[in-house]
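From a predicted model like this one, the values you see are computed outputs, not experimental measurements. In the text below, chain A, chain B and the rest are named by the order of the sequence lines, each starting its count at 1.
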2 protein chains.
Amino acid sequence: MLAAFSTETSDAVRKTLEFVRHHRLAKGDRLPSERDLSERFGVTRGSVREALAVLDAMRITERKPKSGIYLRNALEDSGLDALVLQADLGLPFDAQVTRDVTEARILCEEQAFRLACQRRTDADLAKLHQLLDTYAALVANGSNLADEDVAFHLAVVAASQNRVLVRTLTPLMLMSTGWRRRYFASAEIRQRSLIDHRAFVAAIAARDEATATMLVHRHVQTAAEDVRALAEQGAADRTD
Amino acid sequence: MLAAFSTETSDAVRKTLEFVRHHRLAKGDRLPSERDLSERFGVTRGSVREALAVLDAMRITERKPKSGIYLRNALEDSGLDALVLQADLGLPFDAQVTRDVTEARILCEEQAFRLACQRRTDADLAKLHQLLDTYAALVANGSNLADEDVAFHLAVVAASQNRVLVRTLTPLMLMSTGWRRRYFASAEIRQRSLIDHRAFVAAIAARDEATATMLVHRHVQTAAEDVRALAEQGAADRTD
DNA sequence: CCTACCAATCTGGTAGGACCAGTTAAGCGA
DNA sequence: TCGCTTAACTGGTCCTACCAGATTGGTAGG
């Protein structure tokens with residue numbers, strides 16, 4: 001479902017990030033050469049170069065021709081998409097990042113929902129109702145609606161008529177795909193989520209900004225707390 | 001300063017994006033094979049693969065082994081970092097994106113400034129004062145303070161104690177580096193910017209949320225309008 | 001002992017070829 | 001027209017090679 005690139009490249013990216021972490025490299029520090037890394041990781045130099053191209057694009061590393069590979073930013077200071085990448089690679093987040101993502105999501109969605117109330121078109125509303133129907137159908141037959149949940153939230157944000165907000169929220173949601181999947185394993189939660197989503201659409205239809213922002217705030221906050229509970233429970237019975 | 005990767009890879013990324021645009025490819029459409037692309041673009045297959053690794057990481061394309069390369073999202077629906085990439089490659093933004101970025105920046109910074117008022121530590125304040133001194137010095141000797149402006153805004157957001165907000169604002173600012181550079185060519189604007197920044201710090205020091213959010217809203221809004229005026233003027237006297 | 005210079009070495013950037021194993025579509029036969 | 005075999009195609013991986021600027025270590029000169 002995730003990790004778009006090949007296993008070797010994916011490995012190289014992950015191992016490079018782990019290398020940076022393990023050696024506690026700081027901004028400006030130099031990484032081993034491509035040839036060196038390819039030996040360490042047991043992959044071709046080509047794969048290492050693909051990985052470095054990705055890390056460069058994420059503004060994590062910088063390749064200086066004829067010189068070396070340097071850390072451009074601390075891992076904490078790269079972009080949002082780097083977090084998605086990290087999640088896709090199966091690298092863990094610390095609690096700080098998890099909290100910050102939740103807060104950022106709330107702030108972002110509150111504003112987006114507010115704008116959606118102001119600017120949503122009838123077409124937006126129709127789209128939301130359609131997604132709601134799909135959602136209800138999936139809840140009925142017990143499907144895991146992790147993807148549909150993302151699609152729904154993004155559709156609401158899209159109703160704000162600001163595509164950059166959509167681009168902002170996308171990584172904020174994608175980086176927690178793994179948790180969302182486990183979260184929606186519960187039938188009770190699926191049911192509760194449907195109710196919340198219905199309320200969203202009602203508020204946006206009525207252009208009721210106060211209710212809409214309040215609802216989404218509570219929705220995301222509650223979900224985050226549930227996920228945290230899931231995580232602690234998961235940490236308890238780690239039998240796998 | 002930008003476009004971290006090599007010229008060939010950079011070319012391949014740009015040309016691939018242009019190809020998608022020119023042929024009006026939609027989500028799910030298939031791109032030519034790597035070998036085909038490398039011929040079209042006049043670069044090695046390795047460079048094409050580096051480019052595709054980047055586009056994959058940005059969730060723009062998806063490479064299915066033994067099958068082909070498919071468009072994963074419309075260009076409009078990728079992440080924020082894809083916009084930075086686009087800017088780095090010199091690809092143009094349409095007016096819609098420019099407006100949306102401004103609005104998103106305002107929303108993001110308003111919230112971040114608000115939190116910064118609540119949570120800023122004395123260390124944060126000291127850091128801001130230090131950046132302010134640097135800023136003043138650069139204004140005095142007429143330097144182009146595009147980078148320092150970014151650093152300052154990010155430092156304020158960092159005072160919100162939410163690193164994800166920093167990650168969010170970073171691409172929003174980086175994607176307009178080109179314009180910011182031209183913007184700060186004016187001595188009057190540099191002076192005005194310094195005054196605004198001083199006011200920011202004062203408001204944050206006093207934990208005055210209302211003032212801080214109002215100031216940053218006006219600051220970003222005004223800057224965006226100035227840049228737009230610059231753009232129109234620039235479009236008028238295109239002698240280069 | 002320090003400095004200045006020079007050559008061997010290392011680095012990223014680019015090129016081209018090769019093989020593998022699934023995918024896909026063309027073409028053949030029924 | 002339909003169904004199946006097969007050959008071409010595709011991404012994934014590996015290998016070797018060369019270029020030219022950056023780096024570095026050692027050496028000669030002060």
Side-chain angles (χ1 to χ4, degrees), chain A residues 1-17 19-20 23 25 28-73 85 88-89, chain B residues 1-17 19-20 23 25 28-73 85 88-89:
Chain A
M1 70 219 174
L2 358 103
F5 17 74
S6 67
T7 36
E8 298 267 330
T9 304
S10 174
D11 271 4
V13 174
R14 172 173 36 250
K15 285 175 177 168
T16 304
L17 290 174
F19 180 93
V20 170
H23 291 271
L25 297 187
D29 284 353
R30 183 176 164 177
L31 278 73
S33 72
E34 296 179 349
R35 291 166 177 88
D36 188 335
L37 289 177
S38 77
E39 265 191 58
R40 287 174 194 262
F41 300 160
V43 299
T44 321
R45 195 182 153 206
S47 299
V48 170
R49 283 187 59 79
E50 275 189 54
L52 291 175
V54 171
L55 295 176
D56 276 10
M58 299 280 185
R59 302 187 301 282
I60 293 173
T61 59
E62 182 177 6
R63 289 180 282 179
K64 296 190 182 173
K66 340 280 179 171
S67 171
I69 306 157
Y70 300 85
L71 203 61
R72 192 164 173 176
N73 285 303
L85 184 65
D88 284 358
L89 294 173
Chain B
M1 70 221 174
L2 359 104
F5 18 74
S6 67
T7 36
E8 298 267 331
T9 304
S10 175
D11 271 4
V13 174
R14 171 174 35 248
K15 286 175 177 169
T16 304
L17 290 175
F19 181 93
V20 170
H23 292 271
L25 298 187
D29 284 352
R30 181 176 165 177
L31 278 73
S33 72
E34 296 180 348
R35 292 166 177 88
D36 188 335
L37 290 176
S38 77
E39 262 190 62
R40 287 174 193 262
F41 300 161
V43 299
T44 322
R45 193 178 156 209
S47 298
V48 170
R49 283 187 60 77
E50 276 188 54
L52 290 176
V54 171
L55 294 176
D56 276 10
M58 299 280 186
R59 302 186 302 282
I60 294 173
T61 59
E62 183 176 6
R63 289 180 283 178
K64 295 190 181 173
K66 340 281 179 167
S67 171
I69 306 157
Y70 300 85
L71 202 61
R72 192 165 174 175
N73 283 305
L85 185 64
D88 284 357
L89 294 174

Worksheet item: Taking R72(A) for the side chain and E62(A) for the main chain, is one N or O donor matched with an acceptor at less than 3.5 Å?
Response: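 No; judged by distance alone, with no hydrogens or angles, the pair does not exist.
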Worksheet item: Has the side chain of D11(B) got a donor or acceptor atom that lies under 3.5 Å from a matching backbone atom of F41(B)?
Response: no
Worksheet entry | Earlier contact from the 5' end, DNA chain D, for Y70(A) and T7(A) | T7(A)
Fill in: Position toward the 5' end of DNA chain D (nearest nucleotide), P65(A) or G42(A)
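Here G42(A) is the residue nearer the 5' end.
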Discussion item. Short of 4.0 Å, heavy atom to strand atom, which residues of residues 44-51 of chain B count as contacting DNA chain D?
Written reply: R45(B), R49(B)
If I take atom [atom1] in residue [X] and atom [atom2] in nucleotide [N], what distance separates them, rounded to the nearest angstrom?
X: F41(A); N: dG12(D); atom1: CZ; atom2: P; answer: 20 Å
X: E62(B); N: dG12(D); atom1: CD; atom2: P; answer: 11 Å
X: K64(B); N: dC9(D); atom1: NZ; atom2: C1'; answer: 17 Å
X: L52(B); N: dT10(D); atom1: CG; atom2: C1'; answer: 12 Å
X: E34(B); N: dA18(C); atom1: CD; atom2: P; answer: 18 Å
X: L37(B); N: dT10(D); atom1: CG; atom2: C1'; answer: 12 Å
X: K66(B); N: dG22(C); atom1: NZ; atom2: P; answer: 6 Å

Tell me which nucleotide among [options] gets nearest to the side chain of [X].
X: E8(B); options: dA15(C), dG12(C), dA21(C); answer: dA15(C)
X: S33(B); options: dG11(D), dT13(D), dT11(C); answer: dG11(D)
X: R35(B); options: dT23(D), dC19(C), dA15(C); answer: dC19(C)

Item to complete: Let me see the working for I60(B) and N73(B) under side-chain contact (heavy atoms from CB on, under 4.5 Å), right down to the final yes or no.
Response: CA-CA 5 Å; I60(B) 294 173; N73(B) 283 305; over 6 Å; no
Worksheet entry | Approximate separation, where rounding is to 0.5 Å, of H23(B) NE2 and L31(B) CG | 9.0 Å
Worksheet item: Could you state the interatomic distance from CG (L17(B)) to OG1 (T61(B)), rounded to the nearest 0.5 Å?
Response: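 Those atoms lie 9.0 Å apart.
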Worksheet item: According to a strict under-4.0 Å criterion, is S38(B) in side-chain N/O contact with OP1 or OP2 of dG16(C)?
Response: no
Item to complete: Kindly give the heavy-atom pair with the smallest separation between E8(A) and G42(A), and that separation in Å.
Response: OE1-O, 4.4 Å
Side-chain atoms of residues 45-53 of chain A: list all donor-acceptor pairs with protein atoms under 3.5 Å, sequence neighbours left out, distances to 0.1 Å.
unit_1: R45(A); atom_1: NE; unit_2: E34(A); atom_2: OE1; d: 2.9
unit_1: R45(A); atom_1: NH2; unit_2: E34(A); atom_2: OE1; d: 3.1
unit_1: R49(A); atom_1: NE; unit_2: E50(B); atom_2: OE2; d: 3.0
unit_1: R49(A); atom_1: NH1; unit_2: E34(A); atom_2: OE1; d: 3.4
unit_1: R49(A); atom_1: NH1; unit_2: E34(A); atom_2: OE2; d: 2.8
unit_1: R49(A); atom_1: NH2; unit_2: E50(B); atom_2: OE2; d: 3.1
unit_1: E50(A); atom_1: OE1; unit_2: T9(A); atom_2: OG1; d: 3.1
unit_1: E50(A); atom_1: OE1; unit_2: R63(B); atom_2: NH2; d: 3.3
unit_1: E50(A); atom_1: OE2; unit_2: R49(B); atom_2: NE; d: 3.0
unit_1: E50(A); atom_1: OE2; unit_2: R49(B); atom_2: NH2; d: 3.0

Worksheet item: Looking for any heavy atom pair under 4.0 Å, which part of the strands does I69(A) touch: base, sugar-phosphate only, or nothing?
Response: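 If one applies the 4.0 Å heavy-atom cut-off, I69(A) turns out to touch the sugar-phosphate alone, with no base involved.
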Discussion item. Using Watson-Crick or G-U wobble geometry with both distances under 3.5 Å, which nucleotide pairs with dG30(D)?
Written reply: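 In the structure as shown, dG30(D) has dC1(C) as its Watson-Crick or wobble partner.
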